[in-house]
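Note on naming: letters A, B, ... go to the chains in the order of the sequence lines (proteins, then strands), and numbering restarts at 1 for each one.
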There are 2 protein chains.
Amino acid sequence: MSDHEQSPESRARRVDVARLAGVSPATVSFVLNRTSGQTISDETRQRVLGAVAELGYRPNRAAQGLRQGRSATIGFVSHDVDFGEFSAAAIKGAHEACISQGNLLLLVNTGGSNRQAEHLITDLLDRQADALIFAAVGTRSVLLPDAARRVPTILLNCFAPHDPVPAIVPDEERGGREGTQALLDLGHRDIAYLTGKPAQWATKARLRGFRAALRGAGLNPREHTVLPGNYHADSGYDLVRTLLRRGPLPTAIMCGNDRMAVGALLGLMEAGIRVPEDVSVMGYDDQFQLAAEVRPALSTVRLPYELMGRLAAEQLAGGRPGAPAGRTLVHCPPVMRGSTAAARRSRGA
Amino acid sequence: MSDHEQSPESRARRVDVARLAGVSPATVSFVLNRTSGQTISDETRQRVLGAVAELGYRPNRAAQGLRQGRSATIGFVSHDVDFGEFSAAAIKGAHEACISQGNLLLLVNTGGSNRQAEHLITDLLDRQADALIFAAVGTRSVLLPDAARRVPTILLNCFAPHDPVPAIVPDEERGGREGTQALLDLGHRDIAYLTGKPAQWATKARLRGFRAALRGAGLNPREHTVLPGNYHADSGYDLVRTLLRRGPLPTAIMCGNDRMAVGALLGLMEAGIRVPEDVSVMGYDDQFQLAAEVRPALSTVRLPYELMGRLAAEQLAGGRPGAPAGRTLVHCPPVMRGSTAAARRSRGA
DNA sequence: CTGAAAGCGCTAACAA
DNA sequence: TTGTTAGCGCTTTCAG
């Protein structure tokens, strides 16, 4: 408790510190910023640091920003209607990376509108955002807003075909392949695939991976049922009923995502079919508070959203020096839990 | 395309606009800010506006902020380990309200640590955040970080017992009561409650509501099974199996949240019990992409996270003039879907 | 009706 | 080794 303490209302300014330490304001800056080319005596430094501590002084970043042309702030643009699981995880990852760089996240959500995106990015730039993370929810191709060109930008879970902007994208094809392979390794030779929205990039990539894995095992993809869904849980339920109606079940079912897998689980249980004893079920996403919690716990392919967010922020900050300027593919590893088991029927279907 | 256009690299400054319009920099500000007490001729105004448009001029908000002591930025502090559904929805609501006020959200996540909270809020204040939204994920009592006292703050989904800070909190007791009432209205007289984490505020409040509704219907709460869970889907599953083991099922099951309800659904289906024909199931939260999508679709109690986020931002901005300074209770309305139906057994259990 | 000028709090080149 | 000074881009009081 010192007489010098400011009222809690007003922040101490640099000049207050200088006065208390008996030095000039510039010296305070030199000490605090470790300005290179400046040598400060140890004694002065201690006096300054003491005054800083006593006054609880913190530099005003708006002033610093004005002077230096940077704000220590990264804009995170969520370009989609939805704003759920993915955004939350990606933001968390990006946030953590930012914090350890001394940056903060300025967050906007475009609702999927390009006009709004343009507008909000302008807002971000007005506030001196140093860089942008432009994220979509469903992996897809996007139109990079013009405004984003004025500042370092990285795409997260999307890509701009005609722009040389770096992008972080999950390796969905490999994910589909490895997920399928995990099933093949369990001895499954008859696998149905209940897909997500057929038009989506991720859906197609995963399906390619599925087929590649089958072919790699000497199987003919055409002999495996592929039914189009839409990533909603109820489509998993509906498609399982379709499967049931059509005749004998496959020994394993791959689903477009975990929500569909939960729907499938519900449909199977309702029909008295046991998972994984009678049929194995596999999801995709490893959705937070869902995949690992349902019973049986879902085997799935992990979409590492948080990691992707972190990568984006790190790459922006130049934290990864030799980072590829182009598309970074992130691995989606299979995670095996209780909803899959060795195939019931013997090999050779 | 005019000769006056700046290179895309450098933003036009106010002085550029002034020069192009043939006026002084101050006049530009007067026009743009509609400064009261200043009268600008219509002709001058047009010239200025024309120059602004031509140069694509936008005021530098860091400079404005430095001058005015405000940044048009609200800090959103998510004070919890988790960062999922709730945060996403609340942030979305807060974001929308902020945008329509001309503000942007500066987002931080404390990971639940008070030390980190203090630290991050300081970071926020260094960047001149004008106000704070301090949000928890599970409704609960929090320790308001000292730093937050320096700026208008509103609590979201939490409360600080010993601080006179306004708070937006869901009316969990009423939610529990009305959810139970909906079941009573369907003729159910034997209702089991699979609760969330017993120690949590929300759990207790919902349970109070449950009991109040039963008493209101002339029933004795003690005759109804209450089993403690933990808000995870698997606890719903496990508790249903406990229920099954104990003897005849109740006609309806209330769950701590939707995830538990999904677990319960899975457990019931597995046991060959039909929902809602044999037993009705009710969730809580109306979780995005879950409650409405599972089959049968979950009847539940809607926790309006997005609305709460919006309310917080509006209240901060003074958008709601006569707003209560204290705790704002937000209504959680029951939403009836396919997982509930009229009680199988006749009244009088 | 319009312009000049004084800062907001800070950094950094230059002087001492 | 430390202090002086000129801005960063803007708002706003006060004169004209």
Checklist entry - Do the ring planes of A:F134 and A:H79 sit parallel (below 30°), tilted (30 to 60°) or perpendicular (above 60°)? => result tilted
Checklist outcome for this item: Rounded to whole Å, the CZ-P distance (A:R61 to D:dC8) equals 21 Å
Next on the checklist: Side chains of B:F159 and B:T139, heavy atoms from C-beta outward: is any pair under 4.5 Å?
Outcome noted: yes
Next on the checklist: Does B:S29 reach a base, just sugar-phosphate, or nothing at all? Heavy atoms under 4.0 Å.
Outcome noted: base
Checklist outcome for this item: The answer to which of A:F30 and A:N60 contacts DNA chain C further toward the 5' end, by nearest nucleotide, is A:N60
Next on the checklist: Rounded to whole Å, how long is the line connecting atom CZ of A:R45 with atom C1' of D:dT2?
Outcome noted: 13 Å
Checklist outcome for this item: A:D16 CG to C:dC8 P, in whole Å, measures 12 Å
Checklist entry - Can you check the B:R67 CZ to C:dC10 C1' distance for me, whole Å? => result 15 Å
Next on the checklist: I want to check one thing: is the phosphate of D:dT1, taken as OP1 and OP2, less than 4.0 Å away from some side-chain N or O of A:T44?
Outcome noted: no
Next on the checklist: Between A:S24 and A:T27, do the side chains contain a donor N or O and an acceptor N or O under 3.5 Å apart?
Outcome noted: yes
Next on the checklist: Restricting to non-hydrogen atoms, name the atom on B:L316 and the atom on B:L132 that form the minimum distance, rounded to 0.1 Å.
Outcome noted: CD1-O, 3.5 Å
Item to check | Nucleotide D:dC8, atom C1' - distance to CD of A:Q128 in whole Å | outcome: 9 Å
Next on the checklist: Can you measure A:R70 atom CZ to D:dG9 atom C1' for me and round it to whole angstrom units?
Outcome noted: 18 Å
Item to check | A:D126/B:R61 ion pair, N-O < 4.0 Å | outcome: no
Checklist entry - When we call it a touch if two heavy atoms are under 4.0 Å apart, what does B:L66 touch: a base, just sugar-phosphate, or nothing? => result base
Checklist entry - When you measure from the side chain of A:A26, which nucleotide among C:dT2, D:dT12, D:dG3 comes out closest? => result D:dG3
Next on the checklist: Nearest whole Å is fine: how far is C:dA12 C1' from A:N33 CG?
Outcome noted: 10 Å
Next on the checklist: How many whole angstroms separate atom CD of B:Q64 from atom C1' of C:dG9?
Outcome noted: 17 Å
Item to check | Short side-chain N/O contact from A:T27 to OP1 or OP2 of D:dG3, under 4.0 Å | outcome: yes
